[in-house]
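Each ligand, and each atom within it, is numbered from 1 in the order the structure gives. These values consider heavy atoms only, across backbone and side chains, with no hydrogens, waters or symmetry-generated copies.
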Amino acid sequence: MDFKNTLEFAQKLDTQDSLHKYQYEFIFPKINNEKVIYFTGNSLGLQPKRAKKYIDEVMNDWANLAVEGHFYAEKPWWDYHERFANPLSRLVGALPSEVTVMNTLTVNLHLLMVSFYRPTAKRFKIICEEKAFPSDQYMFQSQVHFHGYKPEDAIVEIKRRDGEHNIRLEDILSKIEEVGEELALILIGGVNYYTGQVFDMKTITEVGHKQGAYVGWDLAHATGNIKLELHDWNVDFAAWCSYKYMNSGPGNASGCFVHEKHHNNKELPRFAGWWGHNKERRFKMEPVFDPVQGAGGWQISNLPILSLAPYLASVEMFDEIGMDQLIEKRDLITSYLEFILNEISKEVQGSFEIITPANSSERACQLSVFLHGEGRRLFDYLMKNGVITDWREPNVIRLAPVPLYTSYEDMFHFGQILKRGILDK
Ligand SMILES: *Cc1c(COP(=O)(O)O)cnc(C)c1O
């Protein structure tokens, strides 16, 4: 499509956008009494209006039924989490038995590593990406220590080549082969949080398995953003948070995936609790753990229903729309934003550079922009003028034109504000 950097053109794209109406399902903060242009849905998604209704329902059931709500609430609490299985499995390309919701992301990755990181003297290494999200780095270090190894021996980071912003698939694959029989686990962010690079999870999983390793994915920036086929890709396990693209509210519950092929493996160690115990006999208070077949067998505690309520509202909204439709708009609006950035860059003589891959198969809903000769001043200018972006040291802003609630008109206005911010120094 031939894009134009004009208001009329942006508005025309909005009239052709079948998801345009969904922005009215969300609550936007206001700056200068106007709704903001929100680019940080990759960090904390906006509040969907329906979230409150789902929470109120739980509050009312709690008020009216108290403990009886476990069984007699409109959506009974004792198996509330099972309502996620169908819609969430469609969202991540899994079988319903392969997904569940519980805890929070880093906690779930730790719990899954209990099962899938079982180092031996010969096979003890973990492959991850260089500059992984800090929580993941701390997790790797502490897991390795816990098993009596040293991070410098056991953690292998895949590096970017000098002068390059993204990691090459070929470098990941050759590193996997090089580590070979020493490789216990590959665990990478499916979409890199800093650059927005999307990794080829299918190929990496396959090549990791050839070396006899388990392969898991941190899908914090992937779920609700890209098409996932976790079952078919033969991924061993994965986990994600729900408050980024999934709009479920600050710090909210995590989803996780355990491949069907592991469901009957009684040898896999795990940390157990009563919510993972055989569903029919859970309240018989039996002394010996008998896990639920499926990802639900990794559950530990009874669930925070007030947190799950807005997550359920969100998952149902995504299911109603479907990832295909979201992805179609995601690609068009991200390309339009890229076009606008490039146009503005010419007008201000190239003071910034997009570090996200230009190739559409390697990116999703995020453009990370390196600001040459600019700094926090520009970020603050944007914020004052109603654009919420996110600032990462040393001088990168991340822009996520979330297809559910950003418009093409937002992209045009953003371009104008950005240009003024750079020229009006
Ligand atoms: C956001 C994010 C996290 C956050 O973890 P929490 O346990 O939810 O605080 C972890 N890993 C990645 C890759 C992330 O992007």
Side-chain angles (χ1 to χ4, degrees), residues 39-46 84 88 92 99-114 116-117 126-143 155 157-158 160 166-167 172 185-199 201 204 215-226 228 230 235 237-257 271 298 300-301 303-304 307-308 310-311 314-315 355-356 362-368 388-393 396-400 402:
F39 278 120
T40 44
N42 55 350
S43 184
L44 183 75
L46 290 179
F84 287 81
L88 193 54
V92 299
V99 297
T100 195
V101 291
M102 58 189 195
N103 313 311
T104 44
L105 174 55
T106 311
V107 171
N108 280 342
L109 288 173
H110 270 300
L111 293 172
L112 289 162
M113 284 182 77
V114 166
F116 295 103
Y117 180 55
I126 300 173
I127 281 186
C128 61
E129 78 273 40
E130 177 189 39
K131 293 199 202 133
F133 191 84
S135 196
D136 297 29
Q137 296 186 44
Y138 310 149
M139 172 179 76
F140 295 137
Q141 292 157 15
S142 62
Q143 284 273 344
I155 302 174
E157 291 186 350
I158 316 247
R160 291 161 179 82
N166 294 289
I167 296 175
I172 301 178
L185 174 69
I186 299 172
L187 181 49
I188 300 177
V191 177
N192 183 265
Y193 81 99
Y194 188 74
T195 60
Q197 180 181 16
V198 178
F199 290 107
M201 293 184 238
I204 294 168
V215 185
W217 293 94
D218 177 339
L219 300 178
H221 281 259
T223 310
N225 180 20
I226 67 171
L228 295 164
L230 299 179
V235 164
F237 69 94
W240 53 91
C241 50
S242 60
Y243 48 80
K244 293 177 178 168
Y245 291 100
M246 296 294 303
N247 315 314
S248 80
N252 208 346
S254 158
C256 59
F257 167 91
F271 287 168
W298 271 260
I300 296 181
S301 294
L303 288 146
S307 301
L308 293 193
Y311 188 15
S314 161
V315 166
I355 62 174
T356 304
E362 273 190 281
R363 74 176 190 204
C365 176
Q366 179 176 321
L367 295 177
S368 299
I388 303 190
T389 63
D390 142 322
W391 174 263
R392 293 285 136 170
E393 296 296 331
V396 166
I397 55 170
R398 300 185 304 168
L399 304 167
V402 173

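- For the ring-ring contact (aromatic ring centres under 6.0 Å, His included) criterion with Phe237, the lone passing option out of Phe116, Phe257, Trp298, Trp217 is Phe116.
- Just one residue in the list Leu88, Val101, Leu109, Leu228 forms a side-chain contact (heavy atoms from CB on, under 4.5 Å) with Trp240, and that residue is Leu88.
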For ligand 1, output the ligand-protein N/O contacts shorter than 3.5 angstrom; if there are none, return none.
residue: ligand 1; atom: 5 (O); partner: Thr106; partner atom: OG1; Å: 3.3
residue: ligand 1; atom: 7 (O); partner: Thr106; partner atom: N; Å: 2.8
residue: ligand 1; atom: 7 (O); partner: Thr106; partner atom: OG1; Å: 2.5
residue: ligand 1; atom: 8 (O); partner: Tyr243; partner atom: OH; Å: 2.5
residue: ligand 1; atom: 11 (N); partner: Asp136; partner atom: OD1; Å: 3.0
residue: ligand 1; atom: 11 (N); partner: Asp218; partner atom: OD2; Å: 2.9
residue: ligand 1; atom: 15 (O); partner: His221; partner atom: NE2; Å: 3.2
residue: ligand 1; atom: 15 (O); partner: Lys244; partner atom: NZ; Å: 2.6

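- Under the side chain to side chain contact (heavy atoms under 4.5 Å, CB included) criterion, Ser314 pairs with Met246, Phe318, not counting sequence neighbours.
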Please tabulate, for side-chain N and O atoms in residues 219-226, each donor-acceptor pair with protein atoms closer than 3.5 Å (sequence neighbours left out).
residue: Thr223; atom: OG1; partner: Leu219; partner atom: O; Å: 3.2
residue: Asn225; atom: OD1; partner: Cys365; partner atom: N; Å: 3.2
residue: Asn225; atom: ND2; partner: His221; partner atom: O; Å: 2.9

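- Between the side chain of Glu129 and the main chain of Ile188, no donor-acceptor pair closer than 3.5 Å is present.
- Residues satisfying the side chain to side chain contact (heavy atoms under 4.5 Å, CB included) test with Gln143, not counting sequence neighbours, are His110, Met113, Tyr117, Met139, His147.
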